[in-house]
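The structure under discussion appears below in the form of structure tokens.
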Amino acid sequence: MSELVTVFGGSGFVGKYVVRALCKAGKRVRVAMRRPHLGNDLRVMGVVGQVQLVQANIRNAESVERAVDGADAVINLVAILNEKRKQTFDGTVHHGARLVSEAAKAKGIKKFIQISAIGADKNSKSDYAVAKAMAEDVVLKNVPTATILRPSVIFGPEDNFYNKFAAISRLTPIMPLIGGGQTKFQPVYAGDVATAVLAALENPAAQGKTYELGGSETYTFEQIIKYIQATIARPRGYMKVPFGLMKFGGGVVNLLTKFIPFLDAPFTGDQIELMKTDNVVSEKALGFKDLGINELVSVESLAPTYLYRFRPHGQFEEISKKPA
Ligand SMILES: NC(=O)c1ccc[n+]([C@@H]2O[C@H](COP(=O)([O-])OP(=O)(O)OC[C@H]3O[C@@H](n4cnc5c(N)ncnc54)[C@H](OP(=O)(O)O)[C@@H]3O)[C@@H](O)[C@H]2O)c1
């Protein structure tokens, strides 16, 4: 029988690409999710019976143990960007990873992939980055054969980066260039991240190692914003806003979202803190090539196919300007 892989966070943006890649590779996939009744789109990624949906909350040890029971491999993609009520960075990202890795250890599971992020750092002023670093540590402590994958910002039709800034551009005549706009990013396609997850799972040489996953090009935040606005044919003015001011604004919005359940902050103080550091693959890091992946999808080949909906006349709008 083919391997059974339990995926935590399989219902999320990147998780769906991972589930699809696992199905294509013939694995049996168990998606551990808080609301399995909402996961019918996951079921159809495989043949009948290939994808199993089980209820689990990464903050609940019993549900995590049940989800891992009988699995040959575990993938943890769970994270949050905004803290809300019980969903804290420490509880969900750090201790969630602890519970999953403890359960894997108890069941003797050696194949474990932890999705982290470039910038994970115990000394960071960002609570997200600290929780990500603590999660890496606890996973490796419990399952030393685990592979850590740290992507840069991830793009794809359902992303929360290009789509978000395109949506903001639709509303505002002036776009804030956070911290002056010079922070660097190396956007990577969600499908390429999923390919890396599969490659790491299949390759025993990847066990115990950390890989940083960046796309083929590096851009400053300013370049990304200008690219988005050219692609959606909405030229805007720009204003350089210092990190401190943006962080204050983000902090206020974040505070409001903690008390208003359905309000989502476009960005939080913590995310502004993250943007103070370049989000690119470090020089000595292992990466896609070390996982045998040499061809990556570029932003320019994909983003216009899903950003068109933000143009003033949607798909009927001729792109007036070539991307910068
Ligand atoms: N997107 C990026 O640009 C980016 C960049 C670098 C690293 N990453 C990392 O990649 C991973 C996936 O990111 P993403 O963009 O796909 O995030 P996402 O769309 O927000 O998905 C997060 C997933 O976590 C699940 N989750 C949250 N809290 C949970 C809990 N208490 N118990 C069980 N499941 C829970 C969500 O399930 P529900 O459906 O129940 O909410 C969802 O499936 C994360 O670890 C993230 O840090 C992402």
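Index from 1, following the sequence. Computed from a predicted structure; not experimentally measured. Read the numbers this way: they start at 1 and go in the same order the structure lists the ligands and their atoms.
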Are any of the N/O atoms on [X], whether in the backbone or the side chain, positioned under 3.5 angstrom from an N/O atom of ligand 1?
X      : answer
Val153 : no
Gly10  : no
Phe13  : yes
Thr92  : no
Pro151 : no

Among all protein heavy atoms, pick the one closest to [atom] and tell me residue, atom and distance.
atom                    : result
atom 11 (C) of ligand 1 : Leu77 O, 3.2 Å
atom 21 (O) of ligand 1 : Gly12 CA, 3.4 Å
atom 28 (N) of ligand 1 : Gln87 NE2, 2.8 Å
atom 33 (C) of ligand 1 : Ile58 N, 3.5 Å
atom 16 (O) of ligand 1 : Val14 N, 2.8 Å
atom 37 (O) of ligand 1 : Ser11 OG, 3.2 Å
atom 3 (O) of ligand 1  : Ile154 N, 2.9 Å
atom 23 (C) of ligand 1 : Gly9 CA, 3.8 Å

Under the 3.5 angstrom rule, does the side chain of [X] hit a backbone N or O of [Y] as a donor-acceptor pair?
X      : Y      : answer
Arg66  : Ala61  : no
Asp127 : Phe89  : no
Ser301 : Val297 : no
Ser169 : Phe165 : yes

Is the closest heavy atom of [X] to ligand 1 under 4.0 Å?
X      : value
Met33  : no
Tyr128 : yes
Lys132 : yes

>> Please give me the minimum heavy-atom distance between Val54 and Ala67, naming the atom from each residue.
In response: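 Distance-wise, the nearest heavy atoms are CG2-CB, 4.1 Å.
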
> So, for Met33 and Leu53, which heavy atoms are closest and what is the spacing to 0.1 Å?
Replying inline: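 Minimum heavy-atom separation between Met33 and Leu53: SD-CD2, 4.1 Å.
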
>> The test is salt bridge (charged side-chain N to carboxylate O under 4.0 Å, His left out); show your working for Glu136 and Arg150 and say whether it passes.
In response: CA-CA 10 Å; Glu136 289 185 1; Arg150 293 172 150 203; 2.7 Å; yes

Report, in ascending order of atom number, the atoms of ligand 1 lying under 4.0 Å from any heavy atom of [X].
X      : answer
Ile115 : 9 (C), 10 (O), 11 (C), 45 (O)
Arg35  : 38 (P), 40 (O), 41 (O)
Ser152 : 5 (C), 6 (C)

Can you figure out which of [options] has its heavy atom closest to [atom]?
atom                    : options                      : answer
atom 40 (O) of ligand 1 : Glu158, Gln55, Arg34, Arg150 : Arg34
atom 31 (N) of ligand 1 : Ile118, Asn57, Asn60         : Asn57
atom 9 (C) of ligand 1  : Ser116, Ala79, Ala117        : Ser116
atom 24 (O) of ligand 1 : Val7, Val78, Val18           : Val78

>> Holding to side-chain contact (heavy atoms from CB on, under 4.5 Å), I want the full list of residues that pass it with Gln50, two or more places apart in sequence or in another chain.
In response: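 In terms of side-chain contact (heavy atoms from CB on, under 4.5 Å), with neighbours along the sequence ignored, Gln50 is linked to Cys23, Val47.
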
>> Taking the six-membered ring of Tyr238 as reference, does the cationic atom of Lys226 (NZ for Lys, CZ for Arg) lie under 6.0 Å from its centre and within 45° of its axis?
In response: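 Lys226 over Tyr238 ring: yes.
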
> So is Arg311 actually on top of Tyr308's ring, under 6.0 Å and inside 45° of the axis?
Replying inline: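 Verdict for Tyr308: no cation-pi partner in Arg311.
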
>> For Val143 and Ile109: C-alpha separation, side-chain torsions, deciding distance, then whether side chain to side chain contact (heavy atoms under 4.5 Å, CB included) applies.
In response: CA-CA 8 Å; Val143 186; Ile109 298 169; over 6 Å; no

> Should the heavy atoms of other residues, nucleotides or ligands under 6.0 Å from CD of Glu62 be counted, would the total exceed 12?
Replying inline: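 At most 12 heavy atoms, drawn from other residues, nucleotides or ligands, come within 6.0 Å of this atom.
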
>> Quick check on Lys276: does its NZ atom have over 12 non-hydrogen neighbours (other residues, nucleotides or ligands) under 6.0 Å away?
In response: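 Yes.
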
>> Salt bridge check, Asp72 against Lys111: does any charged N sit closer than 4.0 Å to a carboxylate O?
In response: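 Looking at Asp72 together with Lys111, the answer is no, because their closest N to O distance does not fall below 4.0 Å.
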
